[in-house]
Each structure stands twice: as C-alpha cells, then as structure tokens.
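Throughout, protein chains are lettered first and strands after them, A, B, ... in sequence-line order, and every chain is numbered starting at 1. No hydrogens, no waters, no symmetry mates; every other heavy atom, side chains included, goes into these values.
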Amino acid sequence: MSKPHEVDESALQDLLRSTGNDSAFVSELIDTYLTDSRELLVTMRQAIRDGNTEQLRKAAHTLKSSSASLGAGAVARLCLEVEQQARAGALAAGAEFLASIEAAQAAAEHELNALRLALP
Amino acid sequence: MHEPARHNVLFDEQQPLRGRRVLVVDDNPTNRRLVVQYARVWGLSTRDTGSPKQALEWIREGQPFDVAIVDSSMPEMDGAALAAAIRAYRDTNTLPLVMFSPLGRREPGAERIDFAGYLSKPLKPSHLLDVLMNVLTGTPVRPRTSTAARQAVHGKLAERLPLRILLAEDNAVNQKLALRLLAQLGYQADVAANGLEAIAALERQRYDVLLMDVQMPELDGLDATRRICERWPLAERPRIVAMTANAMQGDREVCLEAGMDDYISKPIHTAELVAALSRSLVA
C-alpha cells in the first residue's frame with residue numbers, strides 16, 4: 001500500500017515545462033525551498049513560543065506560498081490554516097499543530113528529493 | 001487544482017502575419033500606439049507617424065509596406081486625401097489601404113478610393129486582427145494555435161512586447177521562479193525585496209510593469225502601491241500587477257482598491273503571466 005502523496009508531481013512537471021525543461025533550475029529551486037522551509041518552521045516554532053501572531057502569520061504565509069509553487073499541497077494547506085488563525089489573532093494552532101506541519105514538510109522533502117532524482 | 005488561465009489568441013503571434021509590414025498613420029498618439037503594439041504582438045513589423053506628409057515621404061522613397069492603416073481625420077490632410085495621394089505611387093495590389101474612422105465605414109470624399117478594409121473607433125483588437133488577416137492573407141478566420149505552438153511563441157513575447165519589468169517579491173522560491181519564467185519569455189527583470197526597495201527602484205528609472213507581491217517585509221505591496229499612486233501620476237507610473245495567493249477571499253478587491261491595476265494568482269503560471277503582461281498594452 002502506498003502512502004498518499006505529499007507532493008503533486010504534476011506541479012513539478014508544469015514547472016519543468018514552463019522553464020523549457022530546465023531540470024537544473026528545478027533542482028536548484030527545490031534546494032532553495034528545502035533550505036527556506038526548514039528556517040521558516042524554526043521561525044514559526046519560535047513565534048508560537050513568543051506568542052507573536054504577526055510573525056507566525058508571515059512565516060506561515062511564506063511557507064504556504066513556496067510550498068504551493070513546488071506542489072507540496074499538504075504543507076501549503078496546513079500553513080493556510082495557521083495563517084488564517086494567526087490573521088484572526090489566534091495562536092490556537094500551537095505546538096502540536098506545528099508538529100503536523102513539520103511532519104508534512106519532512107514527507108514533502110523526502111518526495112521532492114526522490115522526484116528530483118527522476119528529473120530528465 | 002489550479003484552473004489554467006484562459007488563453008487569448010489576441011496575445012499570440014499570428015504566423016500568417018509574421019514579418020508583414022504595416023504603416024500606421026494617425027495623429028492621435030493613443031490610437032496609433034494601440035494599433036502598433038497589437039501589430040507587433042502579432043509579429044508584424046510597423047512604421048508609424050502622426051503626419052500624413054511623413055507617410056507620403058516614406059512611400060515616395062519606396063519604403064516597402066504590405067498594408068497601410070490611415071486615420072480618416074487628421075489636421076494636416078484627411079484620410080481620403082492621403083489615400084488618394086498614396087495611389088499616385090502605389091496601386092491597390094501593391095499597397096492595400098485600411099480606413100480607420102469613427103464609424104468604420106466609407107467617409108464622404110473617399111468614394112474613389114478602393115479601401116481594402118475599414119476599422120471603427122474605439123478600436124477593437126479582434127476587429128483589427130480580422131481586418132489584417134483578411135487584407136494580408138485573404139482569410140478572415142483566425143487560426144487557433146496549438147499548445148506546442150503557443151509555448152514556442154511565448155519565447156518571443158519580449159521581442160514583440162518589450163517591457164521594463166520590476167519584480168517586487170521577498171520570498172526566495174517565488175522570486176527565483178518568477179525571474180525564470182520571465183527569462184523564458186525573454187524578459188530580464190529587476191528585483192526589489194520589499195515595497196521600499198520597489199519605490200527606490202522607481203525613483204532611479206522608469207518601468208512599464210511592476211509585478212508586486214502583496215505581503216512583503218518593511219513595506220507591503222498594498223502600502224507600497226498607495227505610496228506609488230500618491231507620488232506618480234498614472235502616466236508616469238508602471239502598471240502594477242498584484243501577485244497573491246488566491247486562497248484568501250477578497251484579496252483581489254483589496255488590491256484594486258489600493259490602486260493596483262491587475263492581479264495574478266500564485267503560484268504563477270506562464271499563461272497567466274503572459275496574459276497580464278499583454279494586458280499592459282491596452283492600459
């Protein structure tokens with residue numbers, strides 16, 4: 001039985017096509033995404049600890065946006081929830097919710113690395 | 001998941017028109033620019049002037065044109081008189097003429113002239129395309145381009161539609177992606193990482209289009225837009241295109257209220273980007 005996919009492979013295919021099959025560029029974009037997303041998760045965890053909803057909202061927004069560009073749908077959806085809650089001034093998501101984002105991001109990272117190997 | 005942007009054939013290069021030469025004579029700079037810009041997007045080469053005398057001079061010199069579009073009413077010489085003067089040098093087979101008039105039909109005094117087509121004001125781009133197709137190829141039916149052909153023509157968008165573009169985006173992933181998609185279309189965009197940097201860039205030079213992320217540090221896209229609109233009049237500021245995630249309802253309205261001219265959703269897709277850049281034509 002296969003796990004549900006975290007990354008929408010067709011989004012990566014679209015990226016490849018729209019860059020004229022520049023797989024080196026797509027691979028580099030994945031690198032940028034992975035580095036940034038790890039940093040953003042740290043920022044989000046810190047923001048929750050500090051009770052800083054504005055910082056949480058911004059970091060969640062950025063991670064949502066980059067994740068959507070790379071087809072990491074689950075991470076994008078979870079971040080959207082955090083962003084909306086933080087927009088309303090709530091920190092309800094809390095550390096537990098963040099753990100689910102971290103898990104989704106780790107799964108996306110694994111899949112992106114696998115998909116990268118399959119790039120033409 | 002993501003609805004592909006509707007494809008508009010008016011923003012494509014039109015193979016049968018490619019490289020054909022059009023002369024545009026109209027004293028109204030806005031109308032002239034509109035005709036010229038569309039013609040270039042479709043792949044025609046253009047020469048334009050507000051002066052009928054200048055146009056006649058070019059024709060006398062023997063400059064090659066495949067079609068001429070003449071405005072019906074110009075202070076120096078009206079369209080019918082210009083057309084008659086052109087006929088002294090070039091006949092209907094060597095230079096078909098198109099009359100551009102408020103009603104899009106034969107004007108009094110122009111009965112003797114065999115116009116190949118008529119354009120009405122305000123100009124409808126689809127009508128212009130039909131008339132050019134009809135006059136230059138004899139087929140008024142617009143060909144639809146295949147997906148593959150579309151990809152190919154996008155590569156030349158910057159050649160047909162040269163624009164100075166400023167990208168204001170702080171998110172590294174989306175910044176890289178947007179720059180790469182623009183490069184694919186032939187555009188070398190400048191980058192600002194926030195609203196303040198965008199304003200500083202506008203102080204240094206003029207841009208035709210500002211692709212603006214809504215959420216940025218220091219100064220967000222909405223506040224930056226308000227400041228830009230306060231500072232520069234419409235004619236002197238770039239067309240501002242918001243880039244924002246479509247998940248947030250009401251974002252579009254907020255962007256337009258702040259003074260942005262257009263809106264594309266993130267993640268950015270080439271077709272939507274092309275459509276937004278092409279819309280800067282009619283702005």
Practice task
Go through the steps for A/Ser66 and B/Asn171 under the test side chain to side chain donor-acceptor pair (under 3.5 Å), then give the verdict.
Solution key: CA-CA 7 Å; A/Ser66 324; B/Asn171 177 332; 2.8 Å; yes
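B/Lys266 and A/Ser69 share no side-chain donor-acceptor pair at under 3.5 Å.
Taking CG of B/Asp213 as the start and NE2 of A/His61 as the end, the distance is 5.5 Å to the nearest 0.5 Å. Taking OG1 of B/Thr270 as the start and CG of A/Asp14 as the end, the distance is 9.0 Å to the nearest 0.5 Å. Taken to the nearest 0.5 Å, the OG atom of A/Ser18 stands 6.5 Å off from the CG atom of B/Leu177. Atom CD of B/Gln215 and atom CD of A/Glu83 lie 6.5 Å apart (nearest 0.5 Å). Rounding to the nearest 0.5 Å gives a distance of 7.5 Å between CG of B/Leu181 and CG of A/Leu15.
Enclosure of atom CD in A/Glu28 by more than 12 non-hydrogen atoms of other residues, nucleotides or ligands within 6.0 angstrom is indicated. Counting non-hydrogen atoms of neighbouring residues, nucleotides and ligands closer than 6.0 angstrom, the CD atom of B/Gln188 reaches no more than 12 such neighbours.
A donor-acceptor distance shorter than 3.5 angstrom exists from the side chain of B/Arg180 to the backbone of A/Thr19, with no hydrogens or angles considered.
Interface residue A/Tyr33: backbone and side-chain heavy atoms are both found under 4.5 Å from chain B.
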